[in-house]
J.: 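Sharing a structure below in structure tokens format, with a few things to ask.
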Protein chains: 2
Amino acid sequence: MSERMIATIDVVLLTIQQQQLSVALARREHEPFTGLDALPGGYIHAETDRDSLDAALRILRRKTGVNPPYLEQLRTFDGCARDPRGWSISIAYFALVNAELLLQAGHPGLSICPVDALRRLPFDHNDIVQAAVERIRNKSQYSSLPCHLAGERFTLPKLQKIYEACLGETLNKVSFRRKMDELGVLEEIAGQTEANGAHRPAQVYRLKAEFANALKLLQRGL
Amino acid sequence: MSERMIATIDVVLLTIQQQQLSVALARREHEPFTGLDALPGGYIHAETDRDSLDAALRILRRKTGVNPPYLEQLRTFDGCARDPRGWSISIAYFALVNAELLLQAGHPGLSICPVDALRRLPFDHNDIVQAAVERIRNKSQYSSLPCHLAGERFTLPKLQKIYEACLGETLNKVSFRRKMDELGVLEEIAGQTEANGAHRPAQVYRLKAEFANALKLLQRGL
DNA sequence: CAAATAGTGTCTTTGAGACATTATTAA
DNA sequence: TTAATAATGTCTCAAAGACACTATTTG
């Protein structure tokens, strides 16, 4: 029946490594392109996955070992030209995780590559990564999205570096702090500071519990 | 083979009727839900559609008779619960068209319903419409998107009403005109005005040719 | 001329960025 | 004390909204 299609999931798992926005790649174990690095992906299992979000979580867990604090659908890539096996549908997802968590999982076959230094990937995976980068650039301008890259505890200077890596530009310190204050998603961990050299230590913050799995938006961007 | 799925397209075709953001519905000709109004949709044809965008255009032409000036992917709705036939994938698209063009096509079985007065639709089509409304609300704040609802020629007061219908709020006239000027997508039709009562007639504008099929974005919203 | 909406000038307020100052630490 | 970064106060400039005024039409 021609209406039945190959349906897969691909996940763009982004993280910050050495102040660079980077993407997790998994060595492919199956044909086609066996042995090459590509986005973590796999088939939807209609018997066990309730929906594609479920499938994306399962695939991420299996291929990267992490349960990301942020996961949303990116968009669907499809057509007759993107897969040598023929007409295919890939529902692409977009996930964020702290780099330490990802390295801690230490999954075999996994690598992390800065998005600006990405080589040619199989299928249309370069297009998918590009769409994810556009999405994070866009949302970083007016939301708390990059906070999910920061891990459990972080200082404002570190968070600003993360925002800057996401946006690909430096930010005004005063404006950045005003915006974080306006967003209202952070809370001070009273009394806890982080020393980082011969100078005043920085206050440590965390995401308020109610925003751990939600985004907060600004009326006006950064 | 369990990885082969039912794959369909659904299109949210939006228009403005009586200053209200409205959605085109088509009477269903096939099971399930035969005879009920639902989003125009159909199967992807792997033999003839190069990709899902192609399929969306074909389906729109067949079910509504129009070739919309704006069409983009919305997102994919999927899972075991949304279709009585079982696990399914619907790649949803989002289209804009001028109401006159749509009525001119006069396609049988087609109706137009304000999104705020929408009754219960089959499948998860209410969710899909809601996602489309969120998308247009969002993009109307900082882009030329609503211009594609305005038809060939229009005055600035009419365009402002269209933006207001999209956003669901009234706008400041001076700010709106400054933003339209800043966008730079409009051109005056020299000498052409439109009278509309016992008062000064309004200048007629059109979209510049280079923006007929493109969006222009603002740094800051309206 | 009166009434109505189109279109524009300008003032006020808000908010973003620049710059400067204070705070706190290690050497 | 010095050097370095954290944190904050404040000034300047740009842009959004409010308001008022002019323009042009019909009755």
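Chain identifiers are assigned alphabetically (A, B, ...) following the order of the sequence lines, protein sequences preceding nucleic acid strands; residue numbering begins at 1 within each chain.
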J.: Just by distance, with hydrogens left out, do R153(A) and Q192(A) show a side-chain donor and acceptor under 3.5 Å apart?
T.: yes
J.: Could you run down the sub-3.5 Å N/O contacts of the protein with nucleotides 17-19 of chain D?
T.:
residue : atom : partner : partner atom : Å
dG17(D) : OP2  : S175(B) : OG           : 2.6
dG17(D) : N7   : R178(B) : NH2          : 2.6
dA18(D) : OP2  : N172(B) : ND2          : 3.3
dA18(D) : N7   : N172(B) : ND2          : 3.4

J.: Quick check on DNA chain D: between K179(B) and A202(A), whose nearest nucleotide comes earlier from the 5' end?
T.: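 Nearer the 5' end of the strand: A202(A).
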J.: Answer with base, sugar-phosphate or nothing: what part of the nucleic acid does K173(A) contact at a heavy-atom distance below 4.0 Å?
T.: base
J.: Do E134(B) and R137(B) meet the salt-bridge criterion of a basic N to acidic O distance under 4.0 Å?
T.: no
J.: Expressed in angstrom and rounded to an integer, what is the separation of Q203(B) atom CD from dT25(D) atom C1'?
T.: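 Between C1' of dT25(D) and CD of Q203(B): 15 Å.
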J.: Using a heavy-atom distance cut-off of less than 4.0 Å, which residues of residues 156-163 of chain B contact DNA chain C?
T.: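 Contacts with DNA chain C under 4.0 Å: P157(B).
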J.: Should R28(A) and D37(A) count as an ion pair when the cut-off is N to O under 4.0 Å?
T.: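 Not counted as a salt bridge, because no side-chain N and carboxylate O are separated by less than 4.0 Å.
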J.: Verify, without hydrogens or angle tests, whether T15(B) (side chain) and V97(B) (backbone) share a donor-acceptor contact under 3.5 angstrom.
T.: yes
J.: Take the protein atom CD of E182(A) and the nucleotide atom C1' of dT14(C), then report the distance between them rounded to whole Å.
T.: 11 Å
J.: Do the numbers put R178(B) on top of the ring of F176(B), so that NZ or CZ is under 6.0 Å from the six-membered ring centre and no more than 45° off the axis?
T.: no
J.: Return yes if some donor-acceptor pair links the side-chain N/O of D10(A) with the main-chain N/O of A92(A) below 3.5 Å, else return no.
T.: no
J.: I'd like a table of atom pairs between the protein and nucleotides 25-27 of chain C - only N or O on both sides, under 3.5 Å - with the distance next to each one.
T.:
residue : atom : partner : partner atom : Å
dT25(C) : O2   : A198(A) : O            : 3.0
dT25(C) : O2   : H199(A) : N            : 3.0

J.: Would you confirm whether S144(B), through its side chain, and K216(B), through its main-chain N or O, come within 3.5 Å as a donor-acceptor pair?
T.: yes
J.: Can you check whether R82(B)'s main-chain N or O pairs, donor with acceptor, with D124(B)'s side chain at less than 3.5 Å?
T.: no
J.: One pair to check against ring-ring contact (aromatic ring centres under 6.0 Å, His included): Y205(A) and F154(A). What are the steps and the verdict?
T.: CA-CA 5 Å; Y205(A) 291 80; F154(A) 48 85; 7.2 Å; no
J.: Taking atom P of dA16(D) as reference, at what distance in whole Å does atom CE of M180(B) sit?
T.: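 Atom-to-atom, M180(B) to dA16(D), this comes out as 12 Å.
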J.: For residues R61(A) and H107(A), report the shortest heavy-atom separation together with the two atoms involved.
T.: O-CE1, 4.2 Å
